[in-house]
There are 2 protein chains.
Amino acid sequence: MPYVDGPISGEQAKQHALTGLREAIARGEMAPAQRLVEGELAERFGVTRGSIRAALIDLTAEGLVERIHNRGARVRVVSVEEAVAITECRMVLEGLCAAKAAAQATDEQLSELAALGQAMVKAVADGEPLTYSALNHELHAYIRDISGQQVAVELLQRLNAQLVRHRFQLALRPGRPQKSLNEHLALIEAIRAHDPEAAQVAVHAHLASVIDALRE
Amino acid sequence: MPYVDGPISGEQAKQHALTGLREAIARGEMAPAQRLVEGELAERFGVTRGSIRAALIDLTAEGLVERIHNRGARVRVVSVEEAVAITECRMVLEGLCAAKAAAQATDEQLSELAALGQAMVKAVADGEPLTYSALNHELHAYIRDISGQQVAVELLQRLNAQLVRHRFQLALRPGRPQKSLNEHLALIEAIRAHDPEAAQVAVHAHLASVIDALRE
DNA sequence: GGCAACAAAAATGTCAACAATCTTGTTCGC
DNA sequence: GCGAACAAGATTGTTGACATTTTTGTTGCC
């Protein structure tokens, strides 16, 4: 009996295609505005065209993909102007999460935060911007986690997914990690001091600086 | 030639079903947790089952509907706890919009705001909570409009759609319109004074009061 | 050579039948 | 009478073929 299975399908297949596509877009494999042909993607992921189509519809709702009637799907390009608007929203939503995190973080979570902060210091000292960027992302995610504000967390995940390209571009800018590091350390300190007000201010300051950097 | 057209279909049909369903949910025609049977809805709206299915998928992404595999779609029920979390997010996002609106509103827009405020005063004086609720909604939408913050506006529309049931319940509570009115007038004044800080504070105060009311 | 009309190919959109799954009602054994 | 197994009906999920539309390539005319 030959092991030539046809394309898998069903819910599992759609999920596979969805995560695969999302990651491919995130790591920049798909150039912006590149056409996403259903047939090609179906073959590449070994699923049916229907699964790919369903995944593309989901990604459209997430704002990562743009679909035009009878003209297929493309990777959506996020202009600098829009990236700024998105970051403004992140500013207030992450401010909310940081304030909540500061109010209710446990001692265990606080020491985890401190550890993250030290790892970031080390990454900058070692001159490893990619490691730093990953830790950066992890820190923000952890703070969201602590906040327990499920609604804000979901909104932020959507918004962040749309910024992958800009985030990447920003991380490699010389001098940027050092500035960002100080802002993050201030944020960590505010949370460790259980000071919601200061945490919110720190987030605002940090993301205001990100907005400046976005605009070059 | 008989005028018995079958169910219409295509993009137009899906849009028709989508808006129809959204409005039906908004006006509470569909009880919470009620099953949404694809076949019934298809007949009701005169479209094919495929169009209904597509619309339900979209509404799921919008958070208005819940779909379980092989078990169909239901109107999603938003718990009080979740309504509070949603309102917290509204607080910061509408605060952002109000601040922007205060910074950049034109004279024409300011007088439109004043007119809205006076209409609200009249609605409360006349004891018409439904009119007031509609004006309330209109005011918030107009401020979002002035802000020009497209990203925040879209997020807020999503969030607001999920609150229809709670909003309705809140509007009919005795004494609530009077309190709400004062908060709105303060917000309008702050924007008219081109004071972003005060506008943001007014929004926060207003929605904090909404959260208190939600919790009863 | 350039352009418009046309033809071929590719890609997306749509549908109707079929398959899989869940729900409900009934029967049988205890 | 009660519960479990079973069968019938209802509902959703999936597929593959087909229709529509866009795109590409070609031809013929000026």
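The chains referred to below are lettered A, B, ... by the order of the sequence lines, with proteins before strands, and numbering in each begins at 1.
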Crowded around [X] [atom1]? As in, over 12 foreign heavy atoms under 6.0 Å?
X	atom1	value
A:Glu112	CD	yes
B:Gln157	CD	yes
A:Gln104	CD	yes

Q. Nearest to the side chain of B:Asn70 - D:dT14, C:dG13, C:dC22?
A. C:dC22
Q: Please figure out whether A:Arg49 or A:Gly10 has its closest DNA chain D nucleotide nearer the 5' end.
A: A:Gly10
Q) Which part of the nucleic acid, if any, lies within contact of A:Gly72, taking any heavy atom under 4.0 Å across all strands shown: a base, the sugar-phosphate backbone alone, or nothing? A) sugar-phosphate
Q: Please work out if A:Ile52 contacts a base, only the sugar-phosphate, or nothing of the nucleic acid, heavy-atom cut-off 4.0 Å.
A: nothing
For atom [atom1] of [X] and atom [atom2] of [N], their distance in whole Å:
X	N	atom1	atom2	value
B:Ile68	D:dT11	CD1	P	17 Å
B:Arg67	D:dT11	CZ	C1'	12 Å
B:Glu11	D:dT21	CD	P	13 Å
A:Glu43	C:dA11	CD	P	11 Å
A:Gln34	C:dA11	CD	P	13 Å
B:Lys14	C:dT12	NZ	C1'	14 Å
A:Glu40	C:dT12	CD	C1'	13 Å
B:Arg35	C:dT23	CZ	P	7 Å

**Q.** Value rounded to 0.5 Å, distance of CG in A:Leu181 from CG in A:Asn136
**A.** 9.5 Å
Q. Between A:Ala98 and A:Val203, which heavy-atom pair has the shortest distance, and what is it?
A. CB-CG2, 3.5 Å
Q.
Taking 4.0 Å as the cut-off, does a side-chain nitrogen or oxygen of B:Arg71 come that near to OP1 or OP2 on C:dT23?
A. yes
(Q) Does D:dG13 have OP1 or OP2 under 4.0 Å away from a side-chain N or O of B:Arg53? (A)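 So the side chain of B:Arg53 is within the cut-off, an N or O lying under 4.0 Å from OP1 or OP2 of D:dG13.
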